[in-house]
Amino acid sequence: MSLSQAIGLVALGLANFASAKTYQNTNNSKDVVTVRWVGNTPEFNSGATFGLPWPRGKYQANQTTFSGLAGENDDSVQLESWITAYWPDDSIKWTGHALGGSEKVYEEYKIAASTSTEGNAAKRSNPSPQSRLTVRDSDDEITVDTGKLTATFPKSGNTLLSLIKTSSGKIVGQNGRLILRSQSGIEDDGENTVSIDKLRFESKIEEVTVNSTQDSTVRSLVTVRGKHQATSGTHDDWLPFILRFYLYADSDAIRVVHTLVFDGKADKDFVAGIGIQFDVPLAGEELYNRHIRLAGHDRGLLSEAVQGITGLRRDPGKNVRSAQFKGEKTSDISSWDTRVSSRLKWIPSWNDYSLTQLSPDGFTLKKRTKAGQSWVKIPGGTRAGGLAYLGGATRGGLAVALRDFWKKYPTSLDISNAATDAGQITLWLYSPSAEPMDLRPFHDGLGEDTYDDQLDALEITYEDYEGGYDTPYGIARTNEVFLFPFDSTPSADTLVSLTAHANEPPVLAADPAYIQETKAIGSYWGTIPDNLTESARTIESHLDFLIKFYQDQVSQRRWYGFWDHGDIMHTYDEDRHTWRYDIGGYAWDNSELSPNLFFWNYFLRTGRADVYRFAEAHARHTGEVDVYHTGPFKGFGTRHGVQHWGDSSKQIRVSTPIYRQVFYYLSGGDERTGELLHELMDADQAFLTVDPRRKVRKDNGTYVIDPTALDLDLGLDWSGLASTWLLEWERRGPRWEEARSKLNTTMHSIVNLKNGFVTGLGLYNLHTGAISPPATDPKNLGDVAVSHLSASFGLPEIISQLTDYLADDLPAGFEQAWLDYCYYYGAGAAEQKARYGVSFGSLNLKQGHSRLTAYAAKKLDNSTLAARAWKEFLSTDGFSPSLPWSSEHLNGSEVLSPVDEAAWVSTNDAALYGLAAIENLAQIGYAL
Ligand SMILES: *[C@@H]1O[C@H](CO)[C@@H](O)[C@H](O)[C@H]1NC(C)=O
Ligand SMILES: *[C@@H]1O[C@H](CO)[C@@H](O)[C@H](O)[C@H]1NC(C)=O
Ligand SMILES: *[C@@H]1O[C@H](CO)[C@@H](O)[C@H](O)[C@H]1NC(C)=O
Ligand SMILES: *[C@@H]1O[C@H](CO)[C@@H](O)[C@H](O)[C@H]1NC(C)=O
Ligand SMILES: *[C@@H]1O[C@H](CO)[C@@H](O)[C@H](O)[C@H]1NC(C)=O
Ligand SMILES: *[C@@H]1O[C@H](CO)[C@@H](O)[C@H](O)[C@H]1NC(C)=O
């Protein structure tokens with residue numbers, strides 16, 4: 001069964017509407033789940049998608065309908081519902097819901113689930129508002145009408161969005177297309193300046209799909225895939241793109257999720273501009289009634305007209321001036337002071353505007369009357385909001401906004417040809433005013449030609465270098481863009497609110513306590529009780545400190561940029577008072593030791609808006625930039641380093657989908673993220689190309705990659721594969737049966753290894769999923785190879801989820817194999833030796849591993865073990881309670897700019913402290 005078939009089984013929500021109070025089984029309050037806005041209630045609702053978890057066995061897919069209520073009178077709201085995950089018994093585990101646009105924005109909504117076999121208890125009270133969303137899917141184009149706007153998407157050619165029309169029929173956007181610039185070299189590349197070819201490209205559509213029309217009552221998703229095709233110069237089609245257009249019933253906004261995969265050559269293809277361009281028809285509008293708006297800093301806005309009639313030597317009249325500034329139609333020119341109206345031809349018209357954000361600290365602005373004439377500077381500012389509007393007071397116009405505009409610098413917004421019949425808005429996701437994007441390695445290899453040299457260099461810079469592996473080929477980036485059409489030029493306040501909306505698109509979520517009770521996203525985190533003990537309160541304050549500290553570091557250390565935004569750094573350099581941004585393996589963190597899981601679990605238990613935004617940016621970055629989506633390393637991610645793609649260690653431990661699982665479900669199944677999860681289904685194929693242990697294996701001279709006996713780390717590798725398979729299975733993705741089978745087979749295989757997880761390594765059969773004993777132990781007598789890293793990339797979390805998911809179907813012995821690992825990791829040499837014949841050697845990351853001990857203590861209901869877990873957490877390694885737990889403000893000549901420093905913080909420790917604190921409190925809080 002395919003995903004879309006599975007979705008077809010859900011009876012969709014508008015029929016059978018019932019007020020929650022009329023259910024038969026009202027004794028179960030879970031029939032109605034409340035969702036609230038994360039953070040403040042937004043000023044606008046232009047449609048929103050969110051996810052909800054459901055407990056095992058409660059709602060069957062083909063017998064459940066969902067409906068939405070809001071307000072004191074339980075007003076019915078437009079809701080479309082679909083299933084994003086199932087429990088093994090096919091009951092619903094997660095749903096996605098789309099809420100239509102509405103004038104009224106409620107503080108909370110109630111989502112009612114009703115089982116249709118319960119008879120007709122559901123009395124029809126307030127009928128649902130009729131959806132006005134219509135979709136027409138013809139041979140050559142798709143047209144979506146939301147009731148407030150109409151958008152047309154051609155199925156071939158270069159134009160992705162041919163028409164945007166308002167409900168009154170005004171065409172305010174046309175010929176929406178992607179544009180791209182690149183060049184074959186870099187100007188200041190030293191002596192040997194070769195001639196540089198400059199190329200231009202535009203979008204070439206390969207495939208356009210839309211949600212089947214009868215499915216879509218509230219939300220329509222149009223997905224356009226293609227590549228960039230040269231329009232000048234010679235170049236293969238390249239840089240595949242996926243644009244997802246989300247349109248909601250009764251919404252006057254279009255949300256666009258723009259994904260680009262880099263498949264060029266770092267030393268030959270220098271991207272010099274990535275843009276989205278729309279034409280805005282202006283014919284018939286007087287020049288003095290045409291308006292330009294550009295969002296500035298902190299709710300600021302530049303409001304100008306193409307032909308300004310304010311500030312002149314002669315006054316057209318106060319009403320005229322005021323109307324123009326507000327963007328309203330001026331009174332008829334015949335009513336103006338003739339000393340102005342007779343001289344309009346002498347007042348220049350401003351044809352072109354350009355706002356450029358080349359750093360996170362400043363944007364510049366300029367305008368000109370036309371090409372060939374000088375630009376005139378407009379005073380700029382620091383952090384631009386990222387919205388541009390062009391349009392007329394009477395014929396309307398279009399606003400385009402990029403989320404995180406200044407955080408994703410270098411970016412630009414251009415308005416051009418505003419004095420002609422067809423103006424343009426160009427949003428540059430990568431500004432052509434910036435230096436071309438240079439994705440080449442940052443050093444020349446330093447002569448590290450052998451594995452011996454590379455391993456020796458690792459000893460000093462911690463970089464795991466190998467020529468050829470430092471490639472950006474296959475990385476991706478996803479951006480969010482909003483389109484807002486208008487019948488007339490909107491007020492400045494409206495545009496300012498929409499700028500805020502585009503930067504923090506409203507999110508709905510259920511309460512932490514409800515999510516936790518369903519056990520649909522891990523039972524290893526808990527909400528924060530009111531009656532915290534003193535020690536628990538201290539830990540909570542430390543968690544809060546860490547989250548706040550990283551948020552502040554992002555802003556103080558300027559961890560921003562097209563490729564960088566969303567990542568954090570790995571280790572600090574106390575002497576220079578800076579993170580080690582330039583030192584080999586210490587720079588960008590690339591998900592090392594699972595900060596992702598810390599941030600998401602912290603959001604789940606607190607519901608805090610700042611944490612959601614932070615974790616979301618992190619998820620978007622780590623899932624796209626740190627992972628390969630095409631090419632030989634597809635499915636693997638890259639170890640931490642100075643460039644996100646630079647390190648030669650390519651592993652599934654970085655790409656593991658568990659890092660994006662919470663975001664995926666909470667977002668109601670963000671389609672790009674869903675694609676990333678599914679993409680990992682072939683990650684095991686990458687073992688055929690990359691041998692992760694090539695530099696350290698003892699049999700390096702004789703080792704041959706054998707698809708039926710691939711070295712598989714039972715921690716680092718299996719945790720990533722198991723996450724992939726569980727997600728594919730629970731989502732009932734296209735390959736869910738294969739996923740379930742490989743999951744089952746590998747779990748049985750691990751049980752069959754004499755020492756289970758303690759074996760460390762096994763031989764994996766790519767075709768069947770079977771794991772046999774390692775080459776060093778063909779007779780399965782019991783190898784012992786325990787590493788501090790094995791359980792540091794989501795292994796405990798995925799095993800806990802698998803245990804919950806499979807429940808009674810968990811393979812016999814699997815739980816014991818895992819509990820042994822959990823117990824013995826921290827048990828000490830004597831107990832290890834008594835059990836396995838040898839000790840595990842010296843191990844660190846004990847604070848992080850205390851959560852394994854806590855898991856065993858909970859499962860075995862053993863308070864002695866629980867006490868051991870807390871001891872490991874509080875007094876082994878990692879962050880001790882006696883640390884300052886504060887930062888110090890530095891300024892003056894010691895640092896480039898004032899910063900807060902906590903030199904004792906490393907991201908490895910922060911990630912593990914965060915995870916262990918959350919999991920220990922949830923599992924053995926009583927023993928603290
Ligand atoms: C509902 O789904 C269950 C489980 O998939 C299936 O056994 C049953 O036949 C379905 N019922 C109907 C009426 O389709
Ligand atoms: C329709 O929308 C749902 C939810 O967004 C999505 O999961 C599904 O894949 C879409 N179906 C089609 C046929 O595109
Ligand atoms: C806090 O309250 C809960 C629920 O009443 C109780 O189970 C728990 O033991 C209490 N914890 C402490 C530390 O008092
Ligand atoms: C194998 O690895 C050892 C040390 O790990 C190294 O000395 C040797 O050069 C390697 N051999 C090959 C063929 O790479
Ligand atoms: C799981 O794997 C075991 C061992 O390979 C096999 O006996 C069993 O039938 C499998 N179960 C399922 C549900 O595929
Ligand atoms: C609890 O674990 C300890 C080891 O930490 C063990 O000695 C003891 O027997 C266990 N208690 C029970 C009741 O299983």
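In each ligand, atom 1 is the first atom listed, and ligand 1 is the first ligand listed.
Distance from atom 10 (C) of ligand 5 to its nearest protein heavy atom, with residue and atom name: Asn744 ND2, 2.4 Å. Taking atom 13 (C) of ligand 3 as the reference point, the nearest protein heavy-atom neighbour is Thr533 CG2, 3.5 Å. In terms of protein heavy-atom proximity, atom 3 (C) of ligand 3 is closest to Asn531 ND2, 3.6 Å.
Interface atoms of ligand 6 facing Leu865, defined by a heavy-atom separation under 4.0 Å, are 5 (O). Less than 4.0 angstrom separates some heavy atom of Tyr823 from each of these atoms of ligand 6: 4 (C), 5 (O).
Annotation: the span from Trp870 atom CH2 to Ser875 atom OG amounts to 12.0 Å, rounded to 0.5 Å. Rounding to the nearest 0.5 Å gives a distance of 6.5 Å between CG of Leu743 and CG of Leu806. In this structure, CG on Leu677 lies 5.5 Å from CG on Leu727, to the nearest 0.5 angstrom.
One finds no salt bridge joining Arg740 and Glu730 here, because no Lys/Arg side-chain nitrogen approaches an Asp/Glu carboxylate oxygen to under 4.0 Å.
The nearest protein heavy atom to atom 7 (O) of ligand 3 is not closer than 4.0 Å.
Taking all heavy atoms of Thr864, Asn862, Thr853 into account, the minimum distance to atom 11 (N) of ligand 6 is reached by Asn862.
A donor-acceptor pair under 3.5 Å is absent between the side-chain atoms of Thr745 and the main chain of Ala770, judged by distance alone. Proximity of a side-chain donor or acceptor of Asp877 to a complementary backbone N or O of Gln847 within less than 3.5 Å is detected.
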